[in-house]
Amino acid sequence: MPQNKRESLVYSVIMCFCMVLWMSIYNVALQHGGLSLEVVQQAWLGFPIAYIFAFCCDWFFVSKLAKGVAFRFLLRPDSSVRRKVITISSCMVVPMVLIMSLYGAGEGCFHTGMWSGIFMQWLHNIPFNFIMALPFQLIIAGPLVRFVFRKAFPVGTILA
């Protein structure tokens, strides 16, 4: 886990990149009914704005909320590092899925012009995004990003 603000920023940049890219591809694939090169291309084109939005939500709001909930209600001071990682990651996924599902519904309404259906589209997106985001975060993105992060920032070293 990050040890200071700088490390936390780098960790968030990498994690957000992985999660937003994967979830963008997943959501476009859901809309198109399957995975193809066109799906990846469309996801990549929409990625920059989604990434900036998701990163800002994560950095300024969700991470504080998730850590607050985790340490107040779900973790004890003597909890293992593994339990802390899994709990905080899970607490991050829930609000990010809610926020980014609304973002996706808004993006879809922007492209179609059918703003009256945004609420129902948002409610439709939430379970589909949650069933992909939580396992992906816990099984793939989390371990991968922590591995890459620890290669760049070994514990116990001071990097200027």
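In what follows, residues are counted from 1 in the order of the sequence shown. Computed from a predicted model, the values in this text were never measured in an experiment.
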Look at the side chain of [X] and the backbone N and O of [Y], then say whether any donor-acceptor pair between them is shorter than 3.5 Å.
X	Y	result
Ser101	Trp122	no
Ser89	Ile86	no
Tyr51	Val13	yes

To the nearest 0.5 Å, tell me how far [X] [atom1] sits from [Y] [atom2].
X	Y	atom1	atom2	result
Glu107	Thr112	CD	OG1	11.0 Å
Met23	Met96	CE	CE	10.5 Å
Ser8	Phe153	OG	CZ	10.5 Å
Asn129	Leu102	CG	CG	11.5 Å
Gln41	Ile25	CD	CD1	12.0 Å
Leu9	Asn4	CG	CG	10.0 Å

Is it true that [X] and [Y] fall in one hydrophobic cluster, defined by side-chain heavy atoms closer than 4.5 Å?
X	Y	answer
Val62	Met100	yes
Leu30	Leu37	no
Ile140	Met92	no
Val94	Val97	yes
Leu98	Phe130	yes

Q) Are Val40 and Leu35 close enough that some pair of their side-chain heavy atoms sits under 4.5 Å apart? A)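 Yes; the side chains approach each other to less than 4.5 Å.
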
Q) Quick one: does Met114's side chain get under 4.5 Å of Gln121's, heavy atoms only? A)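 The answer is no; the side chains never approach within 4.5 Å.
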
Q | Phe60, Trp59, Tyr103, Phe61 screened by ring pair (Phe, Tyr, Trp, His ring centres under 6.0 Å) with Phe53, the one that passes | A |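 Answer to the ring pair (Phe, Tyr, Trp, His ring centres under 6.0 Å) test with Phe53 among Phe60, Trp59, Tyr103, Phe61: Tyr103.
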
Q. What residue among Phe136, Trp44, Phe47 forms ring pair (Phe, Tyr, Trp, His ring centres under 6.0 Å) with Trp22?
A.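 Per the ring pair (Phe, Tyr, Trp, His ring centres under 6.0 Å) rule, the option paired with Trp22 is Phe136, out of Phe136, Trp44, Phe47.
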
Does [X] [atom1] have over 12 foreign heavy atoms under 6.0 Å away?
X	atom1	answer
Ile49	CD1	no
Phe128	CZ	no
Lys67	NZ	no

Q | Side-chain cluster (under 4.5 Å, hydrophobic types only) that Leu45 belongs to, other residues | A |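 Grouped by the 4.5 Å side-chain rule, Leu45 forms a cluster of one, so the answer is none.
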
(Q) For Ala141 versus Met19, what's the shortest heavy-atom pair and its separation? (A)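 Reported closest heavy-atom pair: CB-SD, 3.7 Å.
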
Q: Assess whether side-chain contact (heavy atoms from CB on, under 4.5 Å) is satisfied between Arg146 and Val85, documenting all intermediate values.
A: CA-CA 10 Å; Arg146 283 190 298 277; Val85 167; 3.3 Å; yes

